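Please read all numbers here as calculations on a predicted model, not as lab measurements.
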Amino acid sequence: MAIVWPCPLPAGAYAAAGRLAEVPRPDCPSCAGPVVFWSGYWRYVRAAGGCWRIFVPRVRCGRCRVSHALLPAFVLAGRLDAVEVVGQVIGEVAGGRCGVRPAAARAGVPD
């Protein structure tokens, strides 16, 4: 499961901070128990004209033993492109202006 938190940093600044980026420690969304930081993983996000390698920390609940990824708000689970780009493309397609490929091209998403 993933927990999205409101990250004040843009993707590039968050990537530059690496594992030292300040991340909140929320309560477990499954049982409201306390969590501890539990390693994490590296992944890529394409935003602001670049592709950034970011660290996604994980937390684990001591009560229910479930772990959760802490995703900054500019990241979508399972998607390379940042929230702003995906939202822009969905808005154009849902508005009936064009198909996905033309909208993605206008948003600067490479083929």
Side-chain angles (χ1 to χ4, degrees):
M1 182 186 285
I3 299 171
V4 177
W5 60 278
C7 179
L9 301 174
Y14 184 85
R19 293 183 77 140
L20 301 178
E22 289 191 38
V23 178
R25 185 168 36 172
D27 291 333
C28 177
S30 300
C31 73
V35 296
V36 295
F37 285 104
W38 191 260
S39 188
Y41 57 93
W42 292 94
R43 63 159 286 182
Y44 289 93
V45 62
R46 188 167 47 200
C51 191
W52 308 98
R53 185 174 181 241
I54 64 168
F55 184 74
V56 177
R58 294 188 69 80
V59 292
R60 184 170 187 246
C61 177
R63 187 180 300 160
C64 68
R65 305 262 190 239
V66 174
S67 68
H68 307 279
L70 297 177
L71 293 177
F74 59 83
V75 174
L76 288 169
R79 297 284 177 243
L80 175 63
D81 291 301
V83 169
E84 295 85 15
V85 174
V86 174
Q88 177 183 344
V89 170
I90 290 172
E92 284 192 36
V93 173
R97 287 184 284 243
C98 62
V100 174
R101 288 180 190 259
R106 276 196 292 280
V109 177
D111 287 341

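Other residues sharing the hydrophobic cluster of F55, ordered by chain and number and joined by side-chain separations under 4.5 Å: W42. V85 belongs to a hydrophobic cluster with V109, counting contacts under 4.5 Å between side-chain heavy atoms of Ile, Leu, Val, Met, Phe, Trp and Tyr, direct or through other members.
Open room surrounds CZ on R79; 12 or fewer heavy atoms of other groups in view lie less than 6.0 Å from it. In R106, the CZ atom is crowded: over 12 heavy atoms of neighbouring residues, nucleotides or ligands sit closer than 6.0 Å. Applying the 6.0 Å contact sphere to OH of Y44 captures no more than 12 heavy atoms from other residues, nucleotides or ligands. Around atom CH2 of W5, more than 12 heavy atoms belonging to other residues, nucleotides or ligands sit under 6.0 Å away.
Counting heavy atoms from C-beta outward, V66 and C31 have side chains that stay 4.5 Å or more apart. Side-chain contact check for W38 versus V59: every heavy-atom pair is 4.5 Å or farther apart.
In terms of heavy atoms, P34 sits closest to R63 at CD-NH2, 4.1 Å. Between L71 and A2, the closest heavy-atom pair is CD1-CB, 3.7 Å. Closest non-hydrogen pair, A47 versus W52, comes out as O-NE1, 3.0 Å. Residue S30 comes nearest to M1 through the heavy atom pair OG-CE, 4.2 Å, listed as atom of the first residue, atom of the second, then distance. Closest approach of A69 to V56, counting heavy atoms only: CB-CG1, 4.0 Å. Pairing each heavy atom of C61 with each of C64, the nearest pair is SG-N, 3.4 Å.
When the side chains of ILVMFWY residues are joined at heavy-atom separations under 4.5 Å, either directly or via intervening members, V45 and V86 end up in two distinct hydrophobic clusters. Using a 4.5 Å cut-off between side-chain heavy atoms of Ile, Leu, Val, Met, Phe, Trp and Tyr, with links allowed through other members, I54 and L80 fall into different hydrophobic clusters.
The ring-ring contact (aromatic ring centres under 6.0 Å, His included) contacts involving residues 59-95 comprise Y14-F74, where partners must be two or more places apart or lie in separate chains.
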